[in-house]
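When reading the values below, keep in mind they use all heavy atoms of this one structure, side chains included, and skip hydrogens, waters and symmetry mates. Residues take their numbers from the sequence shown, with the count starting at 1.
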Amino acid sequence: TSKAAVVESGPAFAAGSVPQKPSQGALTSALGAVLPSARSCLSPDDAVAKATIVFNSVGKVDSVSVHGGPAGKGECIKTALLKAKIQPFMDPTYTANITVRP
């Protein structure tokens, strides 16, 4: 059993390895980079929009779905959020939820 533990923990910390899932800091940074563009889609009096972003293991956005917010502005928000990028990770996908306020 101790041999299995060494195998499991060894590569996880090796130089150049990727994490199981993205860190909260990486997500905050990636989303913070594209959020101003998404916010610019909204007018000051617009309702808040919520978005679900699915990243693939390479760190690129696979899909964005926008819920709520003003009619006709979801596509603009989606286009802005599709540009987010994070470091690669091991899980097949990672889903993040974000609120876009005017």
Side-chain angles (χ1 to χ4, degrees):
T1 19
S2 62
K3 190 174 185 181
V6 171
V7 170
E8 286 176 30
S9 63
F13 299 103
S17 69
V18 296
Q20 190 69 35
K21 62 181 184 177
S23 70
Q24 195 56 50
L27 285 168
T28 301
S29 178
L31 297 175
V34 296
L35 198 51
S37 295
R39 283 188 178 136
S40 71
C41 297
L42 300 173
S43 301
D45 296 329
D46 283 342
V48 169
K50 295 191 181 286
T52 302
I53 305 166
V54 179
F55 290 93
N56 61 33
S57 62
V58 178
K60 293 185 178 181
V61 177
D62 261 352
S63 67
V64 174
S65 54
V66 179
H67 325 282
K73 298 196 178 173
E75 204 55 40
C76 177
I77 294 169
K78 181 178 178 178
T79 299
L81 297 178
L82 278 168
K83 295 177 181 162
K85 191 170 183 188
I86 55 175
Q87 293 296 325
F89 54 93
M90 287 209 268
D91 286 348
T93 61
Y94 184 84
T95 303
N97 294 303
I98 188 169
T99 301
V100 182
R101 290 179 167 77

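- Contact annotation: the side chain of L42 approaches that of I77 to within less than 4.5 Å [non-hydrogen atoms, C-beta and beyond].
- Sorted by first and then second residue, the salt bridge (charged side-chain N to carboxylate O under 4.0 Å, His left out) pairs with a member in residues 22-46 read D46-K73; sequence neighbours excluded.
- The stretch residues 47-102 participates, sequence neighbours left out, in these disulfide bond (SG atoms under 2.5 Å apart) pairs: C41-C76.
- The backbone N or O of G25 sits nowhere less than 3.5 Å from a side-chain atom of S29 that would complete a donor-acceptor pair.
- The hydrophobic clustering, which links ILVMFWY residues whose side-chain heavy atoms are closer than 4.5 Å, places L27 and V66 together.
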Q | Residue pair V61, V64: steps toward the side-chain contact (heavy atoms from CB on, under 4.5 Å) verdict | A | CA-CA 7 Å; V61 177; V64 174; 3.6 Å; yes
Sequence neighbours excluded and cut-off under 3.5 Å, please list the side-chain donor-acceptor pairs for residues 80-102, or say none.
unit_1 : atom_1 : unit_2 : atom_2 : d
D91    : OD1    : Q20    : NE2    : 2.5
N97    : OD1    : T52    : OG1    : 3.0
T99    : OG1    : K50    : NZ     : 3.4

